[in-house]
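See below for the structure under consideration.
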Amino acid sequence: MTASAPANLNTQLTTATDHRSEWSQAWRRFSANRIALGGLVVIILLALMAIFAPLLSPYDPINEVFRGMRGGSPTPAHPFGYDHLGRDLLSRVIFGTRVALLVGLLATGIAVTLGVVIGAIAGYSGSWIDTLISRVIDTLMAFPIIALLVVLAAVLGPSLVTTIVVIGTTGWARFARVVRADIMSLKATDFVTAARAVGVRDWRIIWRHLLPNVMGPIIVLATLGIGGIIILESALSFLGLGIRPPNPSWGGTLADGRAYILRFPHIAFFPGLMIVITVLAFNFLGDGLRDALDPRERD
Amino acid sequence: MLTYIARRILQGAVVIVLISVGTFVVIRLMPGDPTYLLLGEGEIRISQEQMAALRARWGLDRPHHEQFFIWARNLLRGDFGDSLIRKGIPVRQMIFEAIPVTAILNVTSLAIALLVAIPAGIIAGVRRNSTFDYGTAVGSTLGVALPNFWLALMLIVLFALYVPRWFGDLPLVGRIPPFGLKSWQGYILPVLVLTTEQMAVLTRVMRASTLEVLTQDYVRTAYAKGLPNVIVLVRHAVRNALLPVVTVIGFRIAFILSGTIVVETVFAIPGIGRLFTDSIFRLDYQVVQSLVVVLAVLVVVVNLLTDLTYAIIDPRIRIN
Amino acid sequence: MKQKRTITRRDFLRYSAMSGSAALLVACAPAAPAADGEAAPAAAADEAPAAEMSGPKQGGTMTWVGHQEVAGLSPAFMGPTVHWVMIINIQNPLVTVDEFNEQELVLAKSIDIAADGLTYTFHLHEGVLFHDGSELTAEDVAYTYNYYRNPDNGAPIVGRFTGIGSVEAPDKYTVQVNMDAVNAASLTSWATVPIVHSAYHAEVGEETYSTSPIGTGPYKLKEWRPAEFTELEAFDDHFRGRPNIDVLREDIVPEPSVRMIALQTGEADSAVWPLLVEDSIFLEADPGYVNFRTLANSIKHFPLNNSIPQLAEKEVRQALMYALDRQRIIDELWNGAAQISHSNLTPASPYHHTGLKQYDFNPEEAMALLDGAGWAAGGDGMRAKGDQSLSFTITTITGDQARRPIAELAQLMFADVGVDVQLEEAPVATILQGMREGTMDASLYNWTYGSAVEPDPFSTLHSTGGNNFAQFNNARVDQLIEEGLQVVAYDEREPYYHEIQEIFVEEQPVLNLQFDEWMNVFNARIKGLPEGPKNSSMYQQAYKWWIEE
């Protein structure tokens, strides 16, 4: 924290207009980073694919079963081949984008919201509340997340909502830890003391003054985390605890496809490829954001 | 220093108690009754009396809090109880046979990963935006992005099935088996899969911290003093850049289970990952509870050691 | 008949019903050789199918791959296949059902069954040795039965011993089992439980015994790592002669595709649990492998919980049968390697009823039945009656990638007639409890409703049966099951089991899909394998096999 404290202090004292230029500077730095931009473009494309899935997919991903085509290889009409029932794999992969993005974004959203709120409370209030929350954070961080996921998914019964909620509610600790540390260091600054002295309410200090300053690292962490969550979804499917059929999901198709890896390798290949592309895109975006938002790493 | 350690140990104990209670509660929330699995598939005619006898035998008929205290008391004495499913084998033996298997795989892959990641991360950081930097960025992101069971299966298909078919036995390595740890060759593929991910994460961390250190005043001063690049790098930059790497290694201990569950399942390796999933799916309460506690202790200890290492590597950090 | 040591179940019952025990002794005369053990390998060679130029060779290691850990090696664990193949090679039962669905005498030299079916007298082979060199006596048998049938000992196989009143050992080589009630299934249930070394078992206890068993089997335990492998080595003094192959090993490999690769690379010689159908068929075409297709005793079926309102009416269950295109499931998902099930009994059973009502794929009929029963289609095409929607959940076993596609296709077929089906996955333990207690709607399972050898469906169709997944409660069926078990003669039993089958297809407590062709692939280097086996229990004959590189 030695290095970041003065930098945070500086940002803290900026006015609203400065804030805007701060963001536009960040955007300028970000847009100069071609890899990060590429990541952003891919994510936008994926989002469009998810939104317009019904228009884009050539066949019905669930009900259109081609007779006798179980595991059929790719053909011009079915460039990704057929799945383990004989459905068009391309259509299922296109629809699977929805699940991947939904799980990635919503679960991260839940984790970030919980993490920020809890971290802020811990960091701002200090005392026994902080001690308690810190121990809970330690516990969650020490607990193998996959174990918790397996058990929770089994308790709640696998479904899209379960997957999102379970991943979201178990993943907040890392965000809380960062927010808590930053808020603690910010709390000690003169301007917070001043604001308190003139009677500004605590929640207002947190909301208006402290949180905007910790959002940079949080956005970066969150973007980098989305990729991990998409993979986690596939790991859950691997353990039979993912999205329920007949709904198409990459993780589910990939996990199912591993049984057919020798006879029908394309079933596992294409969803695997999509996961790799998506995770890459989010990670490049995250890296770009880190370079752009983190004042410590300015050239 | 001593008070610090004492306090950390106390806090660690609290964490472990929380985890014990949490695991105990959560596993009992799982639907299903292990007695049914004890009775097995395909068996005939099970009466309520027989069910009751089985439940009594395994202490499953007692109230939950009583079960918890019996388990906790025995655990403190070092008695982890007996597995419900694998009767006759003490849980302690199961856990302590599984840990070395997982540990060897992970330590080996971590060592290899560090050997590659540290230099790669430093070079990428120093030569920022060079081709090498972009190359490691793509490579390391790919390493994180590949679902490891997919990678594992692909490697098995390639190295165990097709490579021998196309090229015969490989020089030095000979034949790579598709599963198991019967020979040293059996370690190659699982270690490769684990290394890929570790390497990717560590390279990214190393690059980031190198970048940060390079902008620090003391490094700039060192350059200004005219010290040769290599000396500045090694004496100032690398040493400090290693800090976050140590942290990440500490963190990753908790993640080891996640990675090994998949790798051990695919390669049929009897480590803690397999033990954990097998036990969960069979509702082998005793094994799951004790295993999670053992892992939690491990994580707490490692985290403490990480923080102490921190203090040793970086004298600026005062422990308080 | 080639299998001289055996008599068929049907003959067996007929003999025993006709003339008590006398005929049995004759039938069993050319039974296993005497205790010197010299003749056995020769006998095995006689039975070897393809006339090899060279005889059996000693030596080598044969590796099997299984899908789940071997949790223990005592008879208590004999249920699951991965356990049984090891247990049955370490310990011997008095009798067994062989891979031709015929009764085979193992430790018993002959059996006398009293005409009233209440007394079984087994005459044991003399000079049969345990792995520690001591001799098998009637005391060992009595001890084994008494131990595992005692509910206080909590053995999962306790249910097999139903009907037994007492077990006695009148002399060193005679065991007498006195029944409280006739149990026509006796010789396929309790009499197939392997015998333990009584003194040793009593000394170390069941738990230790299950980790280090001592039996009379052709192989003795060498090393056991539950989740990794079990390794057995040849027992030189086995009463049927020393086995040819030195080491039997079962590796546990959870991933189906990795098991397949292990067979392809020669890492394994056989998969005791079937591979993916496509993989087995792929190997079948390769001269380097032998694939045995045997008709399963078990029905692949959707057990339905008859006690929930949406599945309580037989019209609904019949409609679900008509909605299923079962031939399509077999053709498209099972490579044609199965037969449609038209009854609860396999066509291999002598009791199989051929004149039953059949449910050929007929969605119109399905919809007509549902309409007639008052389940009207709503706006979305899904049916409901009052507040109750025609919707239920099929829970499949976690990671069961071989069977789940069937549920996925069925889900679409049911949707076509307006029935909403949800799919879930859960661990086996959860499903076993949920279906047994009636808290789960439906599942996808292979389960026997009477086998090729024994037609009794007590556990699955009787209202008090332990595996009555359907929560089926039909007074007439209960009565037929109870009475059928009291009758031993084939001709007299037939009417009971025919009527049960008639009620089964009328009530459809479960949705019976198919009898699978169970596939067991062997590397062709293994010789002495059976010719045209009828079930997958050939692993108990491993002592006859040898390796030819």
Side-chain angles (χ1 to χ4, degrees), chain B residues 30-47 49-50 52-58 82-83 85-89 94 97-98 101 149 152-153 156-157 160-161 164-165 175 177-182 264-271 274-275 277-278 280-283, chain C residues 65 68-69 71-72 74 76-77 79-80 151-154 156-160 162 185 189 205-211 225-229 251-255 257-259 261-262 264-265 267 298 398-399 426-434 436-437 439 447-448 458-459 464-467:
Chain B
M30 282 186 73
D33 178 338
T35 328
Y36 284 96
L37 206 65
L38 284 174
L39 290 166
E41 263 186 88
E43 294 301 338
I44 44 181
R45 271 169 258 186
I46 300 139
S47 68
E49 298 80 60
Q50 288 159 355
L54 268 178
R55 295 178 62 79
R57 181 177 169 79
W58 294 100
D82 284 329
S83 159
I85 309 300
R86 287 188 212 164
K87 284 167 232 167
I89 305 187
M94 290 165 70
E97 273 178 9
V101 177
F149 65 85
L153 278 173
I156 296 176
V157 172
L161 192 61
R165 218 172 257 182
R175 172 120 10 132
F179 70 89
L181 298 176
K182 280 175 274 189
E264 289 174 359
T265 305
V266 175
F267 290 102
I269 295 167
R274 272 283 297 295
L275 184 60
T277 39
D278 280 0
I280 281 229
F281 286 145
R282 285 141 171 262
L283 299 175
Chain C
V65 275
Q68 278 175 359
E69 70 167 40
S74 86
F77 291 87
D152 294 342
N153 291 325
I157 55 170
V158 65
R160 289 176 177 251
T162 304
S189 56
E206 165 71 8
E207 287 172 16
T208 306
Y209 182 87
S210 72
T211 68
R225 295 182 165 272
E228 197 178 359
F229 66 86
D251 276 311
I252 305 307
V253 182
E255 277 296 295
S257 47
V258 177
R259 290 201 292 276
I261 294 173
Q264 286 187 285
T265 59
E267 200 82 12
S298 58
T398 300
V428 180
T430 313
I431 296 180
L432 283 174
Q433 181 181 20
R436 282 169 177 161
E437 291 192 339
T439 53
W447 208 283
T448 50
F458 184 100
S459 77
T464 65
N467 292 319

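All chains are named by letter (A, B, ...) in the order of the sequence lines, taking the proteins before the strands, and each is independently numbered beginning at 1.
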Given a strict heavy-atom distance threshold of 4.5 Å, which part of C/Arg259 is in contact with chain B: side chain, backbone, both, or neither?
neither
When rounded to the nearest 0.5 angstrom, what is the spacing between CG in B/Asp278 and CD in C/Glu69?
5.0 Å
Test side chain to side chain contact (heavy atoms under 4.5 Å, CB included) applied to C/Val258 and B/Val157, B/Leu153, B/Thr265, the passing residue
B/Leu153
Please report the closest heavy-atom contact between C/Ala262 and B/Pro178, naming both atoms and the distance.
CA-CG, 4.0 Å
Considering the options C/Ile252, C/Val65, C/Thr265, which one meets the side chain to side chain contact (heavy atoms under 4.5 Å, CB included) requirement together with B/Phe179?
C/Val65
Contact check, side chains of C/Pro254 and B/Arg274, non-hydrogen atoms, under 4.5 Å
yes
Less than 4.5 Å apart, side chain to side chain, heavy atoms only: is that true for C/Glu267 and B/Lys182?
yes
Part of B/Pro164 lying under 4.5 Å from any heavy atom of chain C
neither
Suppose we screen for ring pair (Phe, Tyr, Trp, His ring centres under 6.0 Å). Which residues come up paired with B/Phe149, at least two apart in sequence or across chains?
A/Phe238
